[in-house]
Every structure is written in structure tokens, then in C-alpha cells.
Colleague: 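To start, I am sharing the structure in question, which I have written as C-alpha cells.
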Amino acid sequence: MVTEAHGVAGALSAAGVGRGDPVAVAHAAGVGVALVAPTGLAVSTGDEEAAEAVRRVEDELRPRWVWWSGDTAAALVASGTRVAACWDIAAVHRLVFGGWRADPGRVWATLQGLPLAGLPATRGQPDLFSSLDDDGGSADEPVRPDGHLRPDWAGGGWSASPERLVRWAELAAEVARRQQARIAAMADHPRLAATARVESAAELLCAEMSADGLPLDRAAAEAIIGGFVGPRPRTEREAAEQRGRRDAEVLRHAPAGSDFDLRSPGQVKSLLRRIGVEVPDTRAWRLEARRDEHPLVDALLTWRKAERVATTFGYGWLDEHLGGDGRLRGEWSGSDGAAGRMTASAGLHNMPADLRGGVAAEDGHVLVRADLGQIEPRVLAAVSGDRDLARATAEDDMYSPVARQLDVDRATAKVAVLGAMYGQTTGHGAHALRRLQMAYPVAMAYLDDADRAGQTSRDLRTYGGRLIPMGSTNANEVSDTVARSRAAARGRYGRNAMVQGAAAELFKLWAVTVRARGAALDARIVLCLHDELLVHTPVEHGEVVARLLDDCLQEAAHRWAPDRSVRFVADISVLRRWSEAKD
DNA sequence: TGCGGCTATTG
DNA sequence: CACAATAGCCGCAG
């Protein structure tokens with residue numbers, strides 16, 4: 001057992017640990033870290049030395065860190081340590097086995113083939129019976145006689161000691177090996193191991209983005225918000241007065257003496273009926289078409305926009321998420337529960353475009369923005385192996401050659417392609433859709449198969465190997481039409497998940513490549529937006545980073561789809577403010 | 001107090 | 001208003 005930071009790196013090096021070799025790490029505040037290498041060497045350090053030990057091992061050996069979940073990544077980032085590569089057991093579990101829950105007890109039971117129904121309750125959901133049961137095992141051993149992990153270990157609620165940290169890291173190392181063996185045995189999905197490494201790196205990126213935040217110019221953001229809802233109210237009374245004034249701007253167009261709550265969709269519908277505007281619902285796109293019929297409709301649409309800012313993206317939003325350092329922080333997750341796109345809280349993924357003027361580079365820095373052009377149809381061409389559709393990706397705008405091929409105009413071709421990927425079957429697209437079937441039968445068959453899988457509850461895997469669970473058909477207690485429409489919805493979901501999920505895989509590979517190559521230039525990814533990256537970097541590196549973003553895209557595309565038959569394009573610009581981007 | 005429905009925003 | 005997400009408020013059930 002080595003306890004000093006400089007000794008840890010030396011000991012691991014002497015054990016033969018080199019670049020890319022696995023080193024499992026477990027951490028606990030107040031105790032430190034345990035590092036376990038394949039040769040069986042176990043090392044632990046005290047708290048002060050822990051971060052330094054990890055840093056030294058990273059600098060000198062550059063291993064692939066193995067850990068249970070992104071919690072460890074977050075702890076490392078918080079201690080000022082950024083590592084290059086990892087194997088994130090929870091992220092890999094979600095990738096290979098689907099769903100979102102990936103706590104150690106569930107991961108372990110899945111790999112052991114133990115029934116998940118017998119999963120012991122973990123921390124947060126205390127189970128009186130199992131915790132009081134005498135299972136005949138030792139509390140010092142994480143695996144119970146019945147094969148499941150002890151809930152106190154699996155839930156992370158155990159009282160840590162150096163010995164237990166070592167045992168927990170050893171177990172992580174073993175689980176990672178079992179995951180790799182399982183992946184290697186899945187010969188039908190040869191890209192799964194590579195995808196698992198990218199998913200793991202994406203978790204590192206998420207931990208860093210969560211810690212770094214998005215640079216936001218508070219004064220500029222407050223000016224934009226003020227333009228919608230007025231100056232920051234100093235009291236609750238002032239806030240109520242502002243709300244009242246906004247409401248009055250709409251209600252003055254209403255019949256005298258009427259009293260309607262504009263925040264209640266049902267009452268808004270009644271109000272609209274009173275002024276002669278009959279609508280099935282009050283969504284903006286529906287009201288937009290009838291804006292000219294009555295001044296109240298126009299006033300209501302303006303009110304909605306201001307109300308949105310006031311309630312969700314106003315001063316309260318800044319107070320809650322914008323730090324004193326000018327960084328807006330939310331929690332980033334490497335994959336959602338469905339097709340595997342990244343998600344973010346604090347409104348980072350749905351901030352109104354009007355507020356982009358507030359997103360600004362810090363002094364001496366620039367933002368480099370890059371967004372992929374037409375990523376989903378290009379990804380469809382790649383994953384389906386449709387050579388004719390792949391040929392269309394040679395052009396910057398692939399809808400033009402598709403339109404020529406279908407002998408329709410570009411707008412029609414675009415709607416048809418998007419409709420095929422999303423599952424739209426009605427409307428004007430139907431005619432073009434038939435032509436699409438004729439022109440690109442391979443791509444269309446790929447989508448149709450995914451659709452059938454969804455309809456029949458057959459699980460799918462994306463190009464990169466992510467499991468798309470299709471659940472079970474709930475056939476009882478519903479009418480025939482409802483059952484049919486639900487089946488159709490599952491079909492659309494499956495169809496889209498294969499494209500959206502594969503696009504997310506390429507996007508993440510691009511992002512983690514930029515993360516790796518950009519580190520030396522102090523280029524930090526501050527926002528991932530499904531097909532768009534925002535990178536914060538010193539002004540003198542702006543142009544180099546812009547070129548780097550395209551280089552990384554080409555590298556990622558080649559690693560992801562090695563035959564190079566599909567071209568991927570990005571629009572890249574160097575900005576001071578996000579709002580300067582022209583799209 | 002929890003949850004489904006409605007609405008808005010983003011890709 | 002197809003596919004995905006986060007988030008807020010209203011109305012209703014418990």
C-alpha cells in the first residue's frame with residue numbers, strides 16, 4: 001500500500017501500467033482514492049494526496065481510467081484534474097443494455113445474469129426487510145451470498161476506509177472487464193467497443209461542461225430580458241404590477257367586464273371564442289394564422305413571448321444558474337434515455353434564440369461555432385449503406401441532387417426525406433415519398449425495418465450498437481383505433497431513433513475529438529447542441545481552432561464510417577457573441 | 001402534493 | 001406540429 005502521490009505513479013509504472021491501460025479508481029471524500037491496475041496492484045492515498053496522485057499518474061502514464069459513473073469524473077474535475085480517457089461503467093451499461101438506471105447493483109446483476117426483480121433496494125429507498133435480514137455474508141464483502149451487491153455498497157452509502165476503497169475499485173475493474181467481454185462477444189455489433197469508449201469520453205466532457213459553464217454577459221442578458229418584461233422588479237409587489245400591466249395589454253381587447261386568466265389554456269380558448277375565434281387549441285402556430293382577425297390575437301401572441309421570458313428565461317433564471325464568474329451552469333448528461341443524445345438542464349438546450357446575444361466570449365477570448373449541415377440525412381446514407389443517397393452527400397446541399405433525382409422541387413424533396421425519417425405519411429409528402437422509395441430503396445428499407453421493429457416491439461440497435469428498447473405492446477383495454485395509433489407511434493419512434501441515435505454517436509465522436517485535440521490550445525467546449533459545438537478559446541487561437549473543428553469532423557467521420565462514401569460538412573465561424581452567427 | 005395536459009423553446 | 005429534449009403553470013385527483 002503506497003500513500004504518497006509520487007510513489008503511486010512509480011508503483012503503477014513498475015507494475016507495467018502504460019498508455020491506455022486500465023486503472024480503476026474509487027474515491028471517497030475524506031479518505032482519498034484507490035487505484036487498481038490489472039496486475040493486481042492496489043494503491044490508496046490520503047485525501048490531500050489523492051488529486052495529486054491521479055494527476056501524476058495521468059501525466060506520466062496516461063491510462064484509461066475505469067470508474068463506476070460520472071460522479072468520479074465530476075469529483076476529479078472539481079479537484080482540478082482533467083484526464084484524457086476513461087471507461088465509464090454506467091455510460092457503457094446504458095449503451096449496451098438500454099434504459100437510464102445504471103447504479104452498480106443493477107450493472108452487476110445484469111452482467112451476472114441475476115434477476116433484476118431481486119435487486120436489493122439501494123440508498124434513498126430504504127428497504128427495512130432486506131437491510132434487517134441476516135444474509136449470512138460479511139458487511140466487509142460487497143457481494144452477498146445470493147450474488148447481488150450489498151445495497152449499502154452498491155448505493156455508495158458505505159462508510160469508506162482505504163481497504164473498502166480498494167475493494168470497490170477492484171470490483172469496478174472486474175465489472176469493466178466483464179462489460180468488455182460481453183461487448184466482444186456481440187459479433188453483430190463490431191462498432192460497440194469504439195462507441196463505448198466515445199460514450200465514456202462524452203461523460204468526461206459533460207463533467208467539464210457542467211463545471212465550466214457557458215460564458216454569459218450578465219449586463220447584455222439583462223438588457224435583452226428587460227426588452228421583453230421591463231426592468232428587474234425590486235419587490236414581489238413590483239413583479240405583480242408588471243404581470244398585471246402585461247395582462248391588461250391583452251385584456252383591454254376583451255369584452256368589457258370579462259375576466260380571464262391568460263395562463264389557463266381553457267380560459268384562453270373561451271376568451272377567443274367570445275371574440276369569434278374558434279380554435280381546437282391555442283398553440284402559437286394556430287393563432288399565428290389568425291393574427292389579423294382580432295387585435296387580441298396579436299396581443300396574446302406578444303404576451304406569450306414575454307410571459308415565457310418572465311417565467312423561464314428571466315431574472316430568476318439568471319439568479320439561479322448564472323454564477324458570479326459570468327458562467328451559466330447546468331447539469332450535462334451524456335445520453336438521454338432514448339436514442340442517446342446529450343441533454344442539459346438550466347435551459348442550455350432550449351434557450352430562446354433572442355438571448356444568444358448574451359452568450360459572449362470573455363476578454364481575450366473568442367467563441368468558435370460549428371454546426372453540421374444536414375446531419376440526419378447524411379447519417380441515414382451512411383448507416384443504411386445506400387450508395388445512391390451517399391452520392392448525394394457529395395454536394396454541400398444534398399437536397400438539391402435528391403430533388404433532381406425525384407424530379408420535384410427542393411422544398412418538396414426536403415419534406416419527403418424528413419418525412420421518411422420522422423414517419424410522416426400524410427399530406428403533400430405522399431407523392432414524393434413514393435418517388436423516394438423508388439430512388440433510394442436501400443435507405444427506405446432501412447427505415448421501414450426500424451418502423452416494423454417499433455410496431456412489433458422488436459428491440460433495435462443503432463449503427464454504433466446502442467440498444468433501443470421497444471418495450472412491450474400493451475394490447476389490452478384499448479380500442480382498435482387507439483392500439484393502431486400507438487403502434488404507428490412506436491414505428492415512428494423506432495424509425496427516428498435509428499437516425500437520431502446514429503447522428504448522436506457521430507456528433508459525440510466529433511465533440512470528444514475536439515476536446516482531445518483542443519486541450520493544447522486551451523480550446524474548451526462550452527456548449528453541445530445536437531449538431532452544433534460552441535468552443536471558447538484565446539483570441540489568438542481562433543482561426544486555428546476553426547480549422548481544428550473541421551479537421552476533427554473529417555477525422556471523426558472517417559473513424560465512424562471508414563469507407564468515406566458519405567461527406568459531412570460543417571459551417572464554422574469565429575465570433576465574439578453567439579448572436580453574430582448568421583443562420 | 002403529485003401528475004397529466006398544455007404550452008413554449010431548442011435541434 | 002411528424003422525432004427528441006427541458007421547463008413552467010393550471011387543473012384535478014388523492
Colleague: Counting side-chain heavy atoms from CB outward, which of dT9(B), dG11(B), dT6(C) is closest to Arg341(A)?
Modeller: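 My answer, after comparing the listed nucleotides, is dG11(B).
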Colleague: When all nucleic acid strands are considered with a 4.0 Å heavy-atom cut-off, which category describes Ala339(A): base, sugar-phosphate, or nothing?
Modeller: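 The residue Ala339(A) makes no contact with any strand.
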Colleague: Please give, in whole Å, the distance from dG8(C) P to Arg243(A) CZ?
Modeller: 15 Å
Colleague: For the residue pair His93(A) and Phe97(A), does the interplanar ring angle fall in the parallel (under 30°), tilted (30 to 60°) or perpendicular (over 60°) class?
Modeller: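 Aromatic pair His93(A)/Phe97(A) classed tilted.
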Colleague: Is it true that Asp354(A) and Arg356(A) make a salt bridge, defined as a side-chain N closer than 4.0 Å to a carboxylate O?
Modeller: no
Colleague: Using a heavy-atom cut-off of under 4.0 Å over every strand shown, decide if Gln267(A) touches base, sugar-phosphate, or nothing.
Modeller: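 Sugar-phosphate only.
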Colleague: Select base, sugar-phosphate, or nothing to describe what Met351(A) touches, counting heavy atoms under 4.0 Å on all strands.
Modeller: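 The residue Met351(A) makes sugar-phosphate contact but no base contact.
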Colleague: Return no unless some side-chain N or O of Ser264(A) is found under 4.0 Å from OP1 or OP2 of dG11(C).
Modeller: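 It does, given that an N or O in the side chain of Ser264(A) lies less than 4.0 Å from OP1 or OP2 of dG11(C).
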Colleague: Which nucleotide, dC10(C), dC3(C), dG11(B), lies nearest any side-chain atom of Asn496(A)?
Modeller: dC3(C)
Colleague: From the list dT7(B), dC9(C), dT6(C), which nucleotide is the closest neighbour of the side chain of Thr343(A)?
Modeller: dT6(C)
Colleague: Pick the closest DNA chain C nucleotide for Asp261(A) and for Ala489(A) by heavy atoms, then say which residue is nearer the 5' end.
Modeller: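 Its nearest nucleotide lies further toward 5', so the answer is Ala489(A).
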Colleague: In terms of relative ring orientation, are His349(A) and His530(A) parallel, tilted or perpendicular, with 30° and 60° separating the classes?
Modeller: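 The arrangement is tilted - the two ring planes meet at 30° to 60°.
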Colleague: My understanding is that only one of Glu236(A), Glu249(A), Glu307(A), Glu238(A) makes a salt bridge (charged side-chain N to carboxylate O under 4.0 Å, His left out) with Arg243(A); could you say which?
Modeller: Glu236(A)
Colleague: Side chain of Thr312(A), heavy atoms from C-beta onward: which of dT9(B), dT7(B), dG8(C) has the nearest atom to it?
Modeller: dG8(C)
Colleague: Can you figure out which of dC3(C), dC9(C), dT7(B) approaches the side chain of Arg263(A) most closely?
Modeller: dC9(C)
Colleague: Indicate whether OP1 or OP2 belonging to dC6(B) is found under 4.0 Å from a side-chain N or O atom of Lys269(A).
Modeller: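 For dC6(B), OP1/OP2 do not have a side-chain N/O of Lys269(A) under 4.0 Å.
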Colleague: Take Ala346(A) and Met421(A), find for each the nucleotide of DNA chain C with the closest heavy atom, and name the residue whose nucleotide sits nearer the 5' end.
Modeller: Met421(A)
Colleague: If you check every side-chain atom of Asp336(A), which of dG8(C), dA4(C), dT9(B) has the closest atom?
Modeller: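 The answer is dA4(C), which lies nearest to the side chain.
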Colleague: Could Arg191(A) and Tyr463(A) be counted as a cation-pi pair, given that NZ or CZ must be under 6.0 Å from the ring centre and within 45° of the axis?
Modeller: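 That pair qualifies as a cation-pi contact.
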Colleague: Choosing from dG11(B), dT7(B), dA7(C), which nucleotide comes nearest the side chain of Thr282(A)?
Modeller: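 Comparing dG11(B), dT7(B), dA7(C) against the side chain of Thr282(A), the answer is dT7(B).
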Colleague: For Arg304(A), answer base if it contacts any base atom (sugar-phosphate contacts may also be present), sugar-phosphate if it contacts only those atoms, and nothing otherwise; contact means non-hydrogen atoms under 4.0 Å.
Modeller: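 Sugar-phosphate: the residue Arg304(A), judged by heavy atoms under 4.0 Å, touches backbone atoms but no base.
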Colleague: Counting side-chain heavy atoms from C-beta on, which of dT7(B), dT6(C), dC9(C) comes nearest to Thr311(A)?
Modeller: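 Per side-chain heavy atoms of Thr311(A), the pick is dC9(C).
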Colleague: Looking at dC9(C), dG11(B), dA4(C), which one has an atom nearest to any side-chain atom of Tyr493(A)?
Modeller: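 Within the option list, the nearest is dA4(C).
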Colleague: dC3(C) phosphate, OP1 or OP2: any side-chain N/O from Arg492(A) under 4.0 angstrom?
Modeller: yes
Colleague: Look at the side chain of Ala284(A) and decide which nucleotide, out of dA8(B), dC3(C), dG11(B), has an atom nearest to it.
Modeller: dA8(B)
Colleague: Is there a side-chain polar atom (N or O) of Arg308(A) under 4.0 Å from OP1 or OP2 of dT9(B)?
Modeller: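 No, because none of the side-chain N or O atoms of Arg308(A) sits under 4.0 Å from OP1 or OP2 of dT9(B).
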